[in-house]
Amino acid sequence: YEFGDHGGLIVMAKDRESTNEILYSWNEGMSWKSIPLKGMTDVTNVITEPKSTSPKFVLYGSRKGAGVLVHLDFESLHMKKCQGFESGGNALSAYELWSPGDGGSQQCLLGRKVQYT
């Protein structure tokens, strides 16, 4: 597996057996979508550029004894633009509210209660 697009995209494939699909998720693995490969492939690895900021990946492995490279470009499959920054925590917002806490019932840290969007 590999992370891309600043951590917003996960791409993975089976690596212990042949596979005919790539799986990807835009929502932290809560749901997955499949992209078919052109035949059963023994996947060695899925990679992206070192800082994981790109939505482009390379899968490498073998098929019927020959080496295979597959370029995966998720640029056009990008999720819709996030909306609702000002109303984080609202059901219509794509953003969540988060408060640091001590792990107990108190949502404060060092005597302060702060919320981040």
Side-chain angles (χ1 to χ4, degrees):
Y1 70 92
E2 184 67 82
F3 294 95
D5 198 29
H6 302 275
L9 174 61
I10 308 170
V11 177
M12 69 177 198
K14 292 180 181 176
D15 68 346
R16 302 205 189 278
E17 59 187 78
S18 293
T19 186
N20 61 354
E21 68 179 351
I22 300 293
L23 299 173
Y24 69 95
S25 174
W26 287 105
N27 59 7
E28 301 173 347
M30 291 190 295
S31 64
W32 295 88
K33 293 187 180 181
S34 173
I35 297 175
L37 293 171
K38 294 179 182 178
M40 296 303 286
T41 304
D42 294 314
V43 176
T44 302
N45 204 356
V46 178
I47 58 173
T48 190
E49 49 82 31
K51 293 186 179 181
S52 299
T53 59
S54 175
K56 298 177 183 181
F57 298 78
V58 174
L59 173 145
Y60 63 93
S62 62
R63 186 181 302 138
K64 297 181 181 176
V68 174
L69 288 174
V70 179
H71 178 249
L72 304 166
D73 186 352
F74 292 88
E75 192 98 54
S76 64
L77 299 177
H78 200 283
M79 288 184 57
K80 63 182 179 180
K81 188 170 181 164
C82 292
Q83 297 179 8
F85 179 79
E86 296 80 18
S87 59
N90 181 317
L92 299 176
S93 174
Y95 294 88
E96 299 175 353
L97 294 177
W98 177 78
S99 296
D102 63 2
S105 62
Q106 297 293 324
Q107 288 296 314
C108 63
L109 186 64
L110 300 174
R112 297 186 69 192
K113 183 173 182 172
V114 181
Q115 279 191 326
Y116 297 98
T117 302

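We number each residue from 1, following the sequence as shown.
- Here ring-ring contact (aromatic ring centres under 6.0 Å, His included) pairs that include residues 36-58, with residues two or more places apart or in two chains, are Phe57-Phe74.
- The OG atom of Ser54 sits 7.5 Å away from atom CG of Asp73, with the distance rounded to the nearest 0.5 Å.
- The side chain to side chain contact (heavy atoms under 4.5 Å, CB included) test with Met12 is passed by exactly one of Thr19, Ile22, Leu23: Leu23.
- The salt bridge (charged side-chain N to carboxylate O under 4.0 Å, His left out) contacts involving residues 6-25 comprise Lys14-Glu17, where partners must be two or more places apart or lie in separate chains.
- Considering every non-hydrogen atom in both Ser31 and Ser25, the closest pair reads O-OG, 2.9 Å.
- The hydrophobic cluster around Met30 extends to none of the other residues, as no ILVMFWY side-chain heavy atom falls under 4.5 Å of it.
- By the side-chain contact (heavy atoms from CB on, under 4.5 Å) test, Ser62 is found to be paired with Asp42, residues two or more places apart in sequence or in another chain being considered.
- Heavy-atom minimum distance, Ser93 versus Gly88: OG-CA, 3.7 Å.
- Counting heavy atoms from C-beta outward, Trp26 and Lys33 have side chains that stay 4.5 Å or more apart.
- Linking ILVMFWY residues whenever their side-chain heavy atoms come closer than 4.5 Å, directly or via other members, places Leu9 and Ile35 in the same cluster.
- With sequence neighbours excluded, the residues satisfying side-chain contact (heavy atoms from CB on, under 4.5 Å) with Phe3 are Tyr1, Ile10.
- Put simply, Val43 and Val70 are part of the same group of oily side chains (I, L, V, M, F, W, Y) that touch within less than 4.5 Å, one to the next.
- Members clustered with Val58: Ile47, Tyr60, Leu69, by chain and number, using a 4.5 Å side-chain heavy-atom cutoff among hydrophobic residues.
- Ser34 places no side-chain N or O within donor-acceptor distance of the main-chain N or O of Trp32, the cut-off being under 3.5 Å.
- With hydrogens and angles ignored, the 3.5 Å screen pairs no side-chain donor or acceptor of Thr41 with any backbone N or O of Arg63.
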